[in-house]
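Report on the structure given below.
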Amino acid sequence: MSILLLTAAMLHDVGKLDELCYERAIGYTVEGQLLGHIMMEFETVSKAMDAIEGFPANLKNCCAASADSHTANMNLARRSCR
């Protein structure tokens, strides 16, 4: 199994952690309502990749494509990250 596929599986829905709030009942944060978990996932993962010195740009693009395609455009991610 490819490292990229394992990475995508581990990061799948990581944006949900910030999209939802867990005070009295599960609900949506303001940011979650405005941005949604996919955008929030991309921002979280992007910041983490930027913090790693020398992180390969092509791998960052593949991770971005994976985050974007996790609900829809899987063909684009497959073509982009071979």
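No experiment lies behind these values; they were computed from the predicted model shown.
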With the 4.5 Å side-chain cut-off for hydrophobic clustering, are [X] and [Y] part of the same group?
{"X": "L17", "Y": "V45", "value": "yes"}
{"X": "V14", "Y": "F55", "value": "yes"}
{"X": "Y22", "Y": "Y28", "value": "yes"}

(message) Can you confirm whether more than 12 heavy atoms, excluding those of M49, are under 6.0 Å from its CE atom?
(response)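 Check passes, neighbour count above 12.
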(message) For I26, is the CD1 atom crowded, meaning more than 12 foreign heavy atoms sit under 6.0 Å from it?
(response)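 Incorrect, the count does not exceed 12.
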Determine whether [X] and [Y] make a side-chain contact, defined as any pair of heavy atoms from C-beta on separated by less than 4.5 Å.
{"X": "K60", "Y": "D50", "answer": "yes"}
{"X": "D18", "Y": "T29", "answer": "no"}
{"X": "M40", "Y": "E31", "answer": "yes"}

(message) As an exercise, state the distance from OG of S46 to CE of M39, rounded to the nearest 0.5 Å.
(response)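 One gets 11.0 Å once the value is rounded to the nearest 0.5 Å.
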(request) Would you give the length of the straight line joining atom NZ of K47 to atom CD1 of I52, rounded to the nearest 0.5 angstrom? (result)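 Atom-to-atom, K47:NZ and I52:CD1 are 15.0 Å apart.
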(message) I'd like to know whether D13 forms a side chain to side chain contact (heavy atoms under 4.5 Å, CB included) with E19, so could you lay out the CA-CA distance, the side-chain angles of the two residues, the decisive distance to 0.1 Å, and finally the verdict.
(response) CA-CA 10 Å; D13 284 342; E19 180 186 34; over 6 Å; no
